[in-house]
Asks: 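Quick one: the structure is below, questions incoming.
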Amino acid sequence: QKEVEQDPGPLSVPEGAIVSLNCTYSNSAFQYFMWYRQYSRKGPELLMYTYSSGNKEDGRFTAQVDKSSKYISLFIRDSQPSDSATYLCAMSTNAGKSTFGDGTTLTVKP
Amino acid sequence: DTAVSQTPKYLVTQMGNDKSIKCEQNLGHDTMYWYKQDSKKFLKIMFSYNNKELIINETVPNRFSPKSPDKAHLNLHINSLELGDSAVYFCASSQTGTGDEKLFFGSGTQLSVL
(Lines give C-alpha, C1' and ligand atoms only; values in the text may rest on other atoms or scores of the structure.)
Protein backbone atom coordinates (compact mmCIF):
# COMPACT_ATOMS: atom_id res chain seq x y z
CA GLN A 1 0.00 0.00 0.00
CA LYS A 2 1.30 3.45 -0.92
CA GLU A 3 1.91 5.97 1.84
CA VAL A 4 -0.02 8.61 -0.10
CA GLU A 5 -3.09 7.88 -2.20
CA GLN A 6 -4.54 10.55 -4.46
CA ASP A 7 -7.90 10.52 -6.23
CA PRO A 8 -6.77 9.52 -9.71
CA GLY A 9 -8.95 11.57 -12.02
CA PRO A 10 -8.80 12.81 -14.68
CA LEU A 11 -11.25 15.51 -13.78
CA SER A 12 -13.09 17.68 -16.30
CA VAL A 13 -15.27 20.57 -15.13
CA PRO A 14 -16.93 23.63 -16.70
CA GLU A 15 -15.47 27.06 -16.07
CA GLY A 16 -16.72 28.52 -12.79
CA ALA A 17 -17.16 25.14 -11.07
CA ILE A 18 -15.85 24.33 -7.61
CA VAL A 19 -13.17 21.66 -7.76
CA SER A 20 -12.24 19.30 -4.95
CA LEU A 21 -8.97 17.37 -5.05
CA ASN A 22 -8.22 14.83 -2.34
CA CYS A 23 -5.46 12.70 -0.85
CA THR A 24 -5.31 10.19 1.96
CA TYR A 25 -2.19 9.00 3.73
CA SER A 26 -1.12 6.31 6.14
CA ASN A 27 1.99 7.76 7.85
CA SER A 28 0.90 9.59 10.99
CA ALA A 29 4.35 11.21 11.21
CA PHE A 30 3.60 13.53 8.29
CA GLN A 31 3.57 17.12 9.53
CA TYR A 32 3.84 19.20 6.38
CA PHE A 33 1.27 19.08 3.61
CA MET A 34 1.75 20.62 0.20
CA TRP A 35 -0.08 20.95 -3.06
CA TYR A 36 1.92 21.40 -6.24
CA ARG A 37 0.56 22.40 -9.61
CA GLN A 38 2.25 21.10 -12.74
CA TYR A 39 1.50 22.46 -16.18
CA SER A 40 2.25 20.32 -19.20
CA ARG A 41 6.00 20.06 -19.90
CA LYS A 42 6.84 22.13 -16.83
CA GLY A 43 8.17 21.38 -13.37
CA PRO A 44 5.82 21.24 -10.36
CA GLU A 45 5.35 24.57 -8.58
CA LEU A 46 4.31 24.95 -4.97
CA LEU A 47 0.72 26.11 -4.75
CA MET A 48 -0.28 25.65 -1.12
CA TYR A 49 1.56 24.70 2.05
CA THR A 50 0.06 23.76 5.41
CA TYR A 51 1.63 22.72 8.65
CA SER A 52 -0.40 20.24 10.75
CA SER A 53 -4.21 20.33 10.75
CA GLY A 54 -6.42 23.19 9.67
CA ASN A 55 -7.40 25.29 6.72
CA LYS A 56 -5.44 27.72 4.62
CA GLU A 57 -6.89 30.04 2.04
CA ASP A 58 -5.12 31.87 -0.77
CA GLY A 59 -7.39 33.61 -3.24
CA ARG A 60 -9.52 31.00 -4.98
CA PHE A 61 -7.60 28.12 -3.39
CA THR A 62 -8.28 26.52 -0.01
CA ALA A 63 -6.23 23.71 1.47
CA GLN A 64 -7.65 21.57 4.26
CA VAL A 65 -5.83 19.09 6.44
CA ASP A 66 -7.57 16.64 8.76
CA LYS A 67 -4.85 14.71 10.57
CA SER A 68 -7.33 12.66 12.59
CA SER A 69 -8.73 11.22 9.36
CA LYS A 70 -5.38 11.36 7.50
CA TYR A 71 -7.08 13.27 4.72
CA ILE A 72 -6.17 16.44 2.85
CA SER A 73 -8.08 18.42 0.26
CA LEU A 74 -7.56 21.27 -2.14
CA PHE A 75 -10.58 23.32 -3.20
CA ILE A 76 -10.56 25.60 -6.19
CA ARG A 77 -13.40 28.10 -6.40
CA ASP A 78 -14.57 29.72 -9.63
CA SER A 79 -12.27 27.48 -11.64
CA GLN A 80 -10.66 28.96 -14.74
CA PRO A 81 -9.23 27.37 -17.91
CA SER A 82 -5.82 28.50 -16.66
CA ASP A 83 -6.26 26.11 -13.71
CA SER A 84 -6.03 23.18 -16.12
CA ALA A 85 -2.99 21.25 -14.90
CA THR A 86 -1.94 18.21 -12.91
CA TYR A 87 -2.21 18.70 -9.16
CA LEU A 88 0.11 16.75 -6.90
CA CYS A 89 -0.30 16.41 -3.16
CA ALA A 90 2.89 15.95 -1.15
CA MET A 91 3.66 15.33 2.49
CA SER A 92 6.74 15.23 4.65
CA THR A 93 7.93 14.58 8.18
CA ASN A 94 10.50 16.60 10.06
CA ALA A 95 13.12 14.42 8.37
CA GLY A 96 12.34 16.34 5.24
CA LYS A 97 11.67 13.81 2.50
CA SER A 98 8.54 14.66 0.54
CA THR A 99 6.29 11.82 -0.57
CA PHE A 100 4.05 12.61 -3.50
CA GLY A 101 0.65 11.38 -4.60
CA ASP A 102 0.20 10.17 -8.16
CA GLY A 103 -1.39 13.42 -9.30
CA THR A 104 -4.85 14.39 -10.58
CA THR A 105 -5.15 15.95 -14.00
CA LEU A 106 -7.74 18.71 -14.12
CA THR A 107 -9.26 20.22 -17.25
CA VAL A 108 -11.44 23.32 -16.94
CA LYS A 109 -13.53 23.85 -20.06
CA PRO A 110 -14.50 27.38 -21.13
CA ASP B 1 16.35 34.79 -13.71
CA THR B 2 15.48 31.12 -13.57
CA ALA B 3 15.63 29.86 -9.97
CA VAL B 4 16.38 26.20 -10.71
CA SER B 5 17.72 25.50 -14.16
CA GLN B 6 18.63 22.16 -15.63
CA THR B 7 20.13 21.14 -18.93
CA PRO B 8 19.47 19.69 -21.35
CA LYS B 9 15.69 19.97 -21.66
CA TYR B 10 15.51 16.99 -24.00
CA LEU B 11 17.86 14.04 -24.24
CA VAL B 12 17.41 11.32 -26.84
CA THR B 13 19.98 8.54 -26.82
CA GLN B 14 20.61 4.91 -27.57
CA MET B 15 20.58 2.08 -25.07
CA GLY B 16 23.97 1.50 -23.51
CA ASN B 17 25.14 5.10 -23.77
CA ASP B 18 26.27 7.27 -20.87
CA LYS B 19 24.69 10.69 -20.35
CA SER B 20 24.70 13.54 -17.84
CA ILE B 21 22.14 16.09 -16.70
CA LYS B 22 23.21 19.30 -15.00
CA CYS B 23 21.35 21.43 -12.49
CA GLU B 24 22.02 24.81 -10.94
CA GLN B 25 20.02 26.86 -8.45
CA ASN B 26 20.42 30.54 -7.60
CA LEU B 27 18.05 30.60 -4.62
CA GLY B 28 20.80 30.19 -2.04
CA HIS B 29 19.28 26.89 -0.89
CA ASP B 30 21.46 24.30 0.80
CA THR B 31 19.66 21.13 -0.29
CA MET B 32 19.21 19.83 -3.82
CA TYR B 33 17.35 16.80 -5.14
CA TRP B 34 16.84 14.59 -8.13
CA TYR B 35 13.32 13.32 -8.75
CA LYS B 36 12.12 10.94 -11.45
CA GLN B 37 8.64 11.28 -12.94
CA ASP B 38 7.27 8.36 -14.92
CA SER B 39 4.73 8.45 -17.70
CA LYS B 40 1.89 8.26 -15.17
CA LYS B 41 3.10 11.45 -13.48
CA PHE B 42 4.33 9.65 -10.35
CA LEU B 43 7.15 11.68 -8.82
CA LYS B 44 9.75 9.74 -6.85
CA ILE B 45 12.80 11.00 -5.06
CA MET B 46 16.14 9.55 -6.13
CA PHE B 47 18.78 11.52 -4.27
CA SER B 48 19.25 14.57 -2.10
CA TYR B 49 22.37 16.50 -1.19
CA ASN B 50 22.80 18.96 1.65
CA ASN B 51 25.81 21.21 1.34
CA LYS B 52 27.50 18.73 -1.02
CA GLU B 53 26.81 15.78 1.29
CA LEU B 54 24.62 12.89 0.13
CA ILE B 55 21.62 12.71 2.47
CA ILE B 56 19.02 10.62 0.69
CA ASN B 57 19.89 7.74 -1.61
CA GLU B 58 16.76 5.84 -2.52
CA THR B 59 16.80 2.41 -4.12
CA VAL B 60 18.30 3.48 -7.41
CA PRO B 61 20.53 1.36 -9.68
CA ASN B 62 24.26 1.98 -9.31
CA ARG B 63 24.26 3.19 -12.90
CA PHE B 64 22.94 6.48 -11.53
CA SER B 65 25.58 8.61 -9.87
CA PRO B 66 24.89 12.09 -8.54
CA LYS B 67 27.61 14.61 -7.92
CA SER B 68 27.46 17.95 -6.16
CA PRO B 69 30.54 20.15 -6.69
CA ASP B 70 29.04 22.89 -4.52
CA LYS B 71 25.71 23.59 -2.89
CA ALA B 72 24.39 25.43 -5.94
CA HIS B 73 25.04 22.60 -8.38
CA LEU B 74 23.89 19.00 -8.62
CA ASN B 75 24.58 16.78 -11.60
CA LEU B 76 23.30 13.33 -12.48
CA HIS B 77 25.36 10.90 -14.53
CA ILE B 78 23.73 7.78 -15.92
CA ASN B 79 25.80 4.87 -17.22
CA SER B 80 24.67 2.13 -19.59
CA LEU B 81 21.26 3.62 -20.25
CA GLU B 82 18.30 1.22 -20.42
CA LEU B 83 14.86 1.56 -21.98
CA GLY B 84 13.30 1.75 -18.51
CA ASP B 85 15.30 4.88 -17.73
CA SER B 86 13.07 6.85 -20.08
CA ALA B 87 11.29 9.42 -17.92
CA VAL B 88 11.36 13.08 -16.96
CA TYR B 89 14.07 13.91 -14.43
CA PHE B 90 13.53 16.93 -12.21
CA CYS B 91 16.05 18.77 -10.17
CA ALA B 92 14.73 20.59 -7.10
CA SER B 93 16.07 22.62 -4.21
CA SER B 94 14.92 23.62 -0.75
CA GLN B 95 16.21 25.43 2.30
CA THR B 96 16.63 23.14 5.30
CA GLY B 97 16.53 24.38 8.85
CA THR B 98 13.22 26.13 8.24
CA GLY B 99 11.27 23.09 9.41
CA ASP B 100 9.43 22.62 6.15
CA GLU B 101 10.10 21.06 2.80
CA LYS B 102 9.01 23.57 0.21
CA LEU B 103 10.54 22.35 -3.01
CA PHE B 104 11.44 24.49 -6.00
CA PHE B 105 11.66 22.47 -9.19
CA GLY B 106 13.46 22.93 -12.46
CA SER B 107 11.60 22.51 -15.73
CA GLY B 108 12.74 18.91 -16.19
CA THR B 109 14.84 16.85 -18.59
CA GLN B 110 12.87 14.53 -20.85
CA LEU B 111 15.08 11.47 -21.33
CA SER B 112 14.17 9.08 -24.12
CA VAL B 113 16.22 5.90 -24.47
CA LEU B 114 15.80 4.17 -27.82
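The sequence lines fix the lettering, A, B, ..., with proteins before strands; numbering per chain opens at 1. The structure presented is a predicted model; accordingly, all values stated were derived computationally and were not measured.
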Asks: Report which part of Lys44(B) has an atom under 4.5 Å of a heavy atom belonging to chain A: side chain, backbone, both, or neither.
Replies: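 Nothing of Lys44(B), per the 4.5 Å heavy-atom cut-off to chain A.
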
Asks: Report yes or no: do Val88(B) and Leu81(B) belong to one cluster of Ile/Leu/Val/Met/Phe/Trp/Tyr joined by side chain heavy-atom distances under 4.5 Å?
Replies: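 Shared cluster, no.
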
Asks: Can you sort out the partners of Glu45(A) under salt bridge (Lys or Arg N to Asp or Glu O under 4.0 Å), two or more places apart, ordered by chain and number?
Replies: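 Glu45(A) satisfies salt bridge (Lys or Arg N to Asp or Glu O under 4.0 Å) with Arg37(A) once adjacent residues are dropped.
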
Asks: Please determine whether the number of non-hydrogen atoms from other residues, nucleotides or ligands lying under 6.0 Å from atom CD of Glu53(B) exceeds 12.
Replies: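 No, not enclosed.
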
Asks: Are Tyr32(A) and Leu21(A) co-members of a hydrophobic cluster defined by side-chain heavy atoms under 4.5 Å apart?
Replies: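 Leu21(A) does not cluster with Tyr32(A).
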
Asks: So if you build clusters from Ile, Leu, Val, Met, Phe, Trp, Tyr with side-chain heavy-atom gaps below 4.5 Å, do Phe61(A) and Val19(A) land together?
Replies: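 Yes, Phe61(A) connects to Val19(A) through the hydrophobic network.
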
Asks: What are the residues of residues 104-114 of chain B, in order of number, with any heavy atom under 4.5 angstrom from a heavy atom of chain A?
Replies: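 Near chain A, by residue number: Phe105(B), Gly106(B), Ser107(B).
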
Asks: With a cut-off of 6.0 Å (strictly less than), are more than 12 heavy atoms of other residues, nucleotides or ligands near NZ of Lys52(B)?
Replies: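 Not buried by this count: 12 neighbours or fewer within 6.0 Å.
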
Asks: If I measure from the heavy atoms of chain A, does Tyr89(B) come under 4.5 Å with its side chain, its backbone, both, or neither?
Replies: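 Neither part.
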
Asks: Kindly check if the number of other-residue, nucleotide or ligand heavy atoms within 6.0 Å of CG (Asp70(B)) is above 12?
Replies: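 Enclosed.
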
Asks: Do other residues, nucleotides or ligands put more than 12 heavy atoms under 6.0 Å from Lys67(B) NZ?
Replies: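 No - once you tally the heavy atoms of other residues, nucleotides and ligands closer than 6.0 Å, there are 12 at most.
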
Asks: Of the backbone (N, CA, C, O) and the side chain (C-beta and beyond), which part of Leu103(B) lies under 4.5 Å from a heavy atom of chain A, both, or neither?
Replies: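 Both parts, backbone and side chain.
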
Asks: Of the backbone (N, CA, C, O) and the side chain (C-beta and beyond), which part of Lys41(B) lies under 4.5 Å from a heavy atom of chain A, both, or neither?
Replies: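 When you check distances to chain A, atoms from both the backbone and side chain of Lys41(B) fall under 4.5 Å.
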
Asks: Check whether Val12(B) and Leu83(B) end up in the same hydrophobic cluster, where Ile, Leu, Val, Met, Phe, Trp and Tyr are linked by side-chain heavy atoms less than 4.5 Å apart.
Replies: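 No, because Val12(B) and Leu83(B) fall into different hydrophobic clusters, even though each may have its own neighbours under 4.5 Å.
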
Asks: Name the option with the most non-hydrogen atom pairs under 4.5 Å to chain B; the candidates are Met34(A), Lys42(A), Gln31(A).
Replies: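 Top count of heavy-atom pairs under 4.5 Å with chain B: Lys42(A).
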
Asks: Can you name the closest pair of heavy atoms from Leu46(A) and Lys102(B) and give their distance?
Replies: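 In terms of heavy atoms, the two residues are closest at CD2-CG, 3.6 Å.
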
Asks: Is any side-chain heavy atom of Tyr35(B) closer than 4.5 Å to a side-chain heavy atom of Ser98(A)?
Replies: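 Heavy-atom side-chain distance check passes, below 4.5 Å.
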
Asks: The criterion is ring-ring contact (aromatic ring centres under 6.0 Å, His included); which residues satisfy it with Phe30(A), sequence neighbours excluded?
Replies: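 Tyr25(A).
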
Asks: Find out whether Gln37(B) and Phe100(A) are in side-chain contact, i.e. whether some heavy atom of one side chain is under 4.5 Å from a heavy atom of the other.
Replies: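 No, their side chains stay 4.5 Å or more apart.
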
Asks: Just how far is it from atom CZ of Phe90(B) to atom CD of Gln38(A), taken to the nearest 0.5 Å?
Replies: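 Interatomic distance, Phe90(B) CZ to Gln38(A) CD, rounded to 0.5 Å: 4.5 Å.
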
Asks: Report, by ascending residue number, the residues of residues 4-12 of chain A in heavy-atom contact with chain B at a distance under 4.5 Å; give 'none' if the set is empty.
Replies: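 If one takes a 4.5 Å heavy-atom cut-off, no residue of residues 4-12 of chain A lies near chain B.
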
Asks: CG of Leu43(B) to OH of Tyr36(A): how many Å apart, nearest 0.5 Å?
Replies: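 Those atoms lie 9.5 Å apart.
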
Asks: Same hydrophobic cluster for Phe75(A) and Met48(A), using side-chain heavy-atom links shorter than 4.5 Å among ILVMFWY?
Replies: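 No, because Phe75(A) and Met48(A) fall into different hydrophobic clusters, even though each may have its own neighbours under 4.5 Å.
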
Asks: Which of the residues Gly43(A), Pro44(A), Ala90(A) is involved in the greatest number of heavy-atom pairs with chain B at under 4.5 angstrom?
Replies: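 The answer is Pro44(A).
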
